[in-house]
Protein chains: 2
Amino acid sequence: MTDTTTSPRRASRPPRAPRRDAAENRVAILDAAISELNHDPDASLETIASAAGLSRRSIYGHFSTRDELVAELNDRGIARVTAALAPIRHSDARIALALVGARLWSEVEDVRVTAQLAIRGPRREIVGNGLEPVRRGVLDLVRQGVEAGQLRTDIEPGTLARLIEGAALSVLDEAVRADISRGEGHRLVMLVALSTAGLSWREAAELIDASPELTLAAQPDASHHAGDTE
Amino acid sequence: MTDTTTSPRRASRPPRAPRRDAAENRVAILDAAISELNHDPDASLETIASAAGLSRRSIYGHFSTRDELVAELNDRGIARVTAALAPIRHSDARIALALVGARLWSEVEDVRVTAQLAIRGPRREIVGNGLEPVRRGVLDLVRQGVEAGQLRTDIEPGTLARLIEGAALSVLDEAVRADISRGEGHRLVMLVALSTAGLSWREAAELIDASPELTLAAQPDASHHAGDTE
DNA sequence: AATAACTTGCACATCGATGTGCAAGTTATT
DNA sequence: AATAACTTGCACATCGATGTGCAAGTTATT
């Protein structure tokens, strides 16, 4: 049990601090869970545990139920997404939307589980609540863009916002499927977001290339092949 | 057991024909399964049975295992998709792609389960095989369009084909979520497919409005199941 | 009206997964 | 070196779901 009793009992020796390896294992479990649940949303604790290099029993030392583990995953995902998207503000809604895609992309692995949980499955409603602020943000961007005459007006903003969200998700799916490089996926998700928003592919490319924020965002490391477009 | 023993035993009275209500129940089960699995891909047989107005036990009179039921659902879905998409051929790949979206849309309810199964979950590979021909078809269309200079060239055809597929799927998701009208969804799925393919929203609208095949396809009214095969 | 086809409800076996308790081992920390 | 923190393996209880057998009921069809 990792439970750290914070309440100091008087007239008793101070309890020893929790061990470091335990904390590492906790992280290992979370990482393994993310990875396994990406492949199969119903992966068992047994599967997750062994992917983390631990026994199933040990998981219960860190999370008292499976649901608690998943909830924690979800919270972290939401926190990351929120943190990544919060600072985005731009006079050009198109650029802002592309940025949303780009930032999301850089969180792919960790965020995908959350996204999936939020969209499908019986808990959709409950889990999705945490993402509400993010969705509102995207919706606001869409509205802003529509008013500025930069985005399509043939689809109702609310719907459009969700479609953009969905389009971005398919890029994440494709990324997992085809093991896309970081740089490639980065550009891809921006292109798709802009396309869904109504731009032609040439307009999208132009916008991205002309905008320093967007090209810069592509740099942050290319763990795979950094190779430019062929 | 619905098992119709076709082998005629000599020197015995001909076995009575299977009853009609049994066939109806079978259909009811399939329909209920489609509907329930749309909400929760892991819906139990109990849930499906009661949605069909039958007892769980009765399902085993029609399907010997749960997997068999799901497999049948899947086969039907594939058959319908294949049948709906096969006749599509058009000199303009853009129109053909929009048609793909439109035809898919008209099968929404029945097809969504199949699509989900094909994309997510541990059986992805296996289930997806049946859709291979369809996917090749879309890929061919994309290639055709790229060669004709009608579609975007900044995304590799294979990837683009899957992204279009994914975009269409999000419309289906949105449809279930927001209970979109048939006519609206019809147009939506075409717009999104074309947008993902690289057209600007104005180009897409123009193309759709100028093309009789596409506008006509929108008509087929809101009548539900036009009548099951056989 | 007779009969086969079907449905239902119950009891039961089985499976995979979750979650607990405990004793015996390891390992980080003091 | 001592000790608390942690992990492990086992046994066990429980749960929800699948699948079967069977006897007793219904209902379509002849």
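Heavy-atom basis, side chains included; hydrogens, waters and symmetry copies ignored. Since the structure is predicted, the reported quantities are computational estimates derived from the model, not experimental observations. Residue numbering restarts at 1 for every chain, and letters A, B, ... go by the order of the sequence lines.
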Colleague: Would you tabulate the nitrogen or oxygen pairs shorter than 3.5 Å linking the protein to nucleotides 28-30 of chain D?
Modeller:
unit_1, atom_1, unit_2, atom_2, d
D:dA28, O4', B:Arg19, NE, 3.3
D:dT29, OP1, B:Arg20, N, 3.4
D:dT29, O2, B:Arg16, NH1, 3.2

Colleague: Verify the contact: side-chain N or O of B:His62 to OP1 or OP2 of C:dT7, cut-off strictly under 4.0 Å; return yes or no.
Modeller: yes
Colleague: I need the CG-C1' distance between A:Asn25 and C:dT26, as an integer number of Å.
Modeller: 12 Å
Colleague: Can you tell me the distance, in whole Å, between the OH atom of B:Tyr60 and the P atom of C:dC6?
Modeller: 19 Å
Colleague: Can you tell me the distance, in whole Å, between the CD1 atom of A:Ile48 and the P atom of C:dG19?
Modeller: 11 Å
Colleague: Is it true that a side-chain atom of B:Thr82 and a backbone atom of B:Ile78 form a donor plus acceptor pair closer than 3.5 Å?
Modeller: yes
Colleague: So how far is it from A:Arg103 CZ to A:His186 NE2, rounded to the nearest 0.5 Å?
Modeller: 9.5 Å
Colleague: Whole-Å distance between C:dC15 P and B:Asp67 CG?
Modeller: 16 Å
Colleague: The side chain of B:Leu54 lies closest to which of these nucleotides: D:dG19, C:dG19, C:dT8?
Modeller: C:dT8
Colleague: Rounded to whole Å, please give me the gap between CD in A:Glu68 and P in C:dT18.
Modeller: 15 Å
Colleague: When the nearest nucleotide of DNA chain D is assigned to A:Ala23 and to B:Arg66 on a heavy-atom basis, which residue is associated with the more 5' position?
Modeller: A:Ala23
Colleague: Restricting both atoms to N or O, compile the protein contacts to nucleotides 11-14 of chain C shorter than 3.5 Å, with distance only.
Modeller:
none

Colleague: Search all heavy atoms of B:Ser58 against all heavy atoms of B:His62 and return the closest pair with its distance.
Modeller: O-CD2, 3.5 Å
Colleague: Are any non-hydrogen side-chain atoms of B:Arg152 and A:Leu191 less than 4.5 angstrom apart?
Modeller: yes
Colleague: Roughly, in whole Å, what's the span from CZ in A:Phe63 to P in C:dT18?
Modeller: 14 Å
Colleague: Heavy atoms, side chains only, cut-off 4.5 Å: are B:Val189 and B:Leu104 in contact?
Modeller: no
Colleague: Note every stem involving DNA chain D: at least three consecutive Watson-Crick or G-U wobble pairs, i with j then i+1 with j-1, with both distances under 3.5 Å.
Modeller: C:1-30 with D:1-30
Colleague: Please examine the side chains of A:Thr196 and B:Ser195, heavy atoms only from C-beta on, and report whether any two atoms are closer than 4.5 Å.
Modeller: no
Colleague: Please answer whether the main-chain N or O of A:Glu184 pairs with a side-chain N or O of A:Ser181 as donor and acceptor at a distance below 3.5 Å.
Modeller: yes
Colleague: The side chain of A:Ser58 is closest to which nucleotide in this list: D:dT7, D:dT18, C:dT7?
Modeller: D:dT7
Colleague: Quick check: do B:Leu169 and A:Ser170 have side-chain heavy atoms less than 4.5 Å from each other?
Modeller: no
Colleague: What's the CD-P distance between B:Glu24 and C:dT7, to the nearest Å?
Modeller: 11 Å
Colleague: Taking the side chain as every heavy atom from C-beta outward, state whether B:Glu107 and B:Val81 have any pair of such atoms under 4.5 Å apart.
Modeller: no
Colleague: In whole angstrom, give the distance that lies between atom CD1 of A:Ile29 and atom C1' of D:dT7.
Modeller: 11 Å
Colleague: Between B:Glu24 and B:Arg20, does at least one N-O distance fall below 4.0 Å, as a salt bridge requires?
Modeller: no
Colleague: Nearest 0.5 angstrom please: B:Asp75 CG to B:Arg80 CZ, how far?
Modeller: 14.0 Å
Colleague: Heavy atoms only: give me the nearest A:Ala197-A:Ile164 pair and the separation to one decimal.
Modeller: CB-CD1, 4.1 Å
